[in-house]
Amino acid sequence: MNIYQHFRKEEHHFIDLVCEWKRLVTEQYAPKLTDFLTPREQQIVRSIVGHHDDVHVAFFGGSSSVERKRALLYPPYMQPNEEDFQLSLFSIRYPKKFVTIEHRDVLGALLSLGVKREKFGDIIIVDDVIQFVVAKEIAPFVQINVTAIGKAKVSLEEQPLSQLLAVKEEWEEETFTVSSLRLDAILAQCFRISRQKAQAFIAQNFVKVNWKTVDQAHMECQEGDLLSLRGYGRCRLKTIAGQTKKEKWRIVVEKAK
């Protein structure tokens with residue numbers, strides 16, 4: 001069976017990586033801890049590792065409500081626990097009365113350290129409390145070097161993972177008919193904008209599919225795809241329910257409230 005047939009071409013490199021992780025665990029009979037993975041990447045790992053007798057997999061990113069998680073591929077003799085995932089949680093101390101800090105500000109400050117995005121988990125903001133999860137191996141470096149976010153002076157306080165705030169995202173289901181399954185057509189319907197405007201947003205790199213920026217308006221969407229449009233929100237293509245008599249596609253979409 002061709003392992004690539006159920007995946008997009010741009011996912012083939014990641015599939016090769018997962019196969020290599022699986023091989024290493026099988027041959028070395030030792031666990032393999034990954035960087036943080038998006039939910040789509042987690043789905044790919046699950047489908048490739050599956051119910052393999054020689055390799056098991058578990059995911060953890062600090063709590064059950066987070067999106068980004070590290071994967072631990074491990075041999076059957078092992079019983080993994082939270083410590084095996086090597087996570088650190090930081091809370092940001094900042095002058096809350098005078099400054100507002102947004103998700104993108106935090107992410108920008110972290111990426112400016114020169115560390116790749118995959119070393120950071122979720123960034124959680126509830127009211128004026130800001131937390132983020134990082135891979136433990138870079139935690140000391142991050143704590144020393146993050147001293148400002150935007151124009152605000154900040155400091156990082158390490159906390160136990162049990163203090164990670166839970167964020168529950170609510171989704172609202174809607175049914176649409178679209179002329180095609182192209183990305184621009186679905187974005188236009190989901191966010192009630194013109195198709196031309198959707199194409200412009202895609203060209204400006206304002207659109208992500210499964211957490212990756214895309215610049216092709218003609219990209220065909222698939223069931224399970226998570227689409228995000230900067231400034232508008234997120235939607236998930238839950239079901240492609242077939243074509244109507246007029247050859248339009250009926251789709252079921254979940255939109256984040």
Side-chain angles (χ1 to χ4, degrees), residues 11 13-93 103 106-107 109-111 113-126 129-146 156-169 208 210-212 224 226:
E11 295 174 330
H13 173 72
F14 182 71
I15 291 165
D16 292 339
L17 195 58
V18 176
C19 291
E20 177 63 13
W21 296 338
K22 186 176 174 181
R23 184 190 66 79
L24 287 172
V25 175
T26 303
E27 292 184 359
Q28 298 177 2
Y29 214 55
K32 165 63 182 177
L33 180 63
T34 74
D35 287 335
F36 287 93
L37 307 178
T38 67
R40 173 59 180 168
E41 291 168 334
Q42 294 166 39
Q43 183 183 358
I44 292 173
V45 172
R46 279 193 194 94
S47 65
I48 293 175
V49 175
H51 301 288
H52 198 280
D53 290 338
D54 296 328
V55 183
H56 297 179
V57 64
F59 302 91
F60 188 59
S63 75
S64 59
S65 66
V66 300
E67 288 188 341
R68 292 178 177 268
K69 300 176 182 179
R70 300 185 89 169
L72 183 69
L73 284 73
Y74 61 96
Y77 71 83
M78 183 177 173
Q79 291 294 325
N81 55 49
E82 290 186 3
E83 287 72 27
D84 293 318
F85 290 88
Q86 296 293 297
L87 304 177
S88 292
L89 170 65
F90 286 114
S91 181
I92 300 176
R93 291 182 172 273
H103 185 284
V106 180
L107 182 58
L110 296 177
L111 294 180
L113 300 176
V115 179
K116 62 183 182 177
R117 177 65 179 94
E118 291 80 7
K119 290 295 181 183
F120 301 105
D122 279 20
I123 298 168
I124 307 293
I125 301 179
V126 178
V129 178
I130 306 174
Q131 300 176 321
F132 64 91
V133 184
V134 302
K136 185 166 282 188
E137 59 266 26
I138 66 164
F141 172 80
V142 172
Q143 189 169 24
I144 290 171
N145 287 282
V146 176
L156 302 185
E157 178 187 354
E158 189 161 9
Q159 296 181 306
L161 287 176
S162 59
Q163 297 298 308
L164 181 61
L165 297 173
V167 178
K168 186 176 181 181
E169 197 166 27
K208 292 184 179 181
N210 298 326
W211 296 268
K212 294 187 183 298
L226 182 76

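Here the structure is a predicted model, which is why all the values come from computation and not from measurement.
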- Kindly compute the distance separating CZ (R70) from CG (D84), expressed to the nearest 0.5 Å. 11.0 Å

- Item | Modelled atom types, side-chain donor and acceptor of R46 and Q43, under 3.5 Å | no

- Considering all heavy atoms of both residues, which atom of E158 and which atom of S88 are nearest to each other, and what is their separation? OE2-OG, 3.2 Å

- Geometric class of the F132/F90 ring pair [parallel <30°, tilted 30-60°, perpendicular >60°]: tilted

- Between CG of L24 and SG of C19, what distance do you get to the nearest 0.5 Å? 11.5 Å

- Message: Run the side chain to side chain contact (heavy atoms under 4.5 Å, CB included) test on R68 and T38 for me, step by step, so that the C-alpha distance in whole Å, both residues' side-chain angles and the decisive distance to 0.1 Å come before the verdict.
- Response: CA-CA 5 Å; R68 292 178 177 268; T38 67; 3.7 Å; yes

- When you look at CZ of R117, are more than 12 heavy atoms from neighbouring residues, nucleotides or ligands closer to it than 6.0 Å? yes

- Query: Can you find a pair of side-chain heavy atoms, one from V106 and one from I92, that are under 4.5 Å apart?
  - Reply: yes

- Side-chain heavy atoms of T34 within contact of E41, under 4.5 Å: no

- Query: Between atom CD of Q163 and atom OG of S63, what is the distance when rounded to the nearest 0.5 Å?
  - Reply: 12.5 Å

- So, do L110 and V115 sit near enough that their side-chain heavy atoms are less than 4.5 Å apart? no

- Message: When you compare the side chain of W21 with that of V25, does any pair of heavy atoms fall below 4.5 Å?
- Response: no

- Residue pair K119 / V142, side-chain heavy-atom distance below 4.5 Å: no

- Query: Given the rule in the side chain to side chain contact (heavy atoms under 4.5 Å, CB included) test, do L73 and V49 qualify, once you have shown the distances and angles that lead to the verdict?
  - Reply: CA-CA 9 Å; L73 284 73; V49 175; 3.9 Å; yes

- Shortest non-hydrogen contact from K22 to I48? NZ-O, 3.1 Å

- Between L87 and K136, is any pair of side-chain heavy atoms under 4.5 Å apart? no

- What residues form a ring-ring contact (aromatic ring centres under 6.0 Å, His included) with F85, not counting sequence neighbours? F60

- Message: Nearest 0.5 angstrom please: N210 CG to K208 NZ, how far?
- Response: 12.0 Å

- Message: Rounded at 0.5 Å granularity, tell me how far CD1 in I123 sits from NE2 in H103.
- Response: 4.0 Å

- Test item: D122 side-chain N/O and I124 main-chain N/O as donor-acceptor pair under 3.5 Å: no

- Message: On a heavy-atom basis, which atom in Y77 and which in A30 lie closest, and how many Å separate them?
- Response: OH-CA, 4.4 Å

- Query: With side chains defined as the heavy atoms from C-beta onward, is the minimum distance between R40 and E11 less than 4.5 Å?
  - Reply: yes

- Message: Do S64 and F59 have side chains that approach each other closer than 4.5 Å (heavy atoms only, starting at C-beta)?
- Response: no

- Query: Which atom names give the shortest non-hydrogen contact between G62 and L164, and what distance separates them?
  - Reply: C-CD2, 3.6 Å

- At their closest point, which heavy atom of F36 faces which heavy atom of G61, and how far apart are they? CE2-CA, 4.5 Å

- Item | From F120 atom CZ to L111 atom CG, the distance as rounded to the nearest 0.5 Å | 6.5 Å

- Looking at residues at least two apart in the chain, or sitting in another chain, which of them share a ring-ring contact (aromatic ring centres under 6.0 Å, His included) with Y74? H56

- Item | Nearest heavy atoms of Q42 and K69, plus distance in Å | NE2-N, 3.4 Å

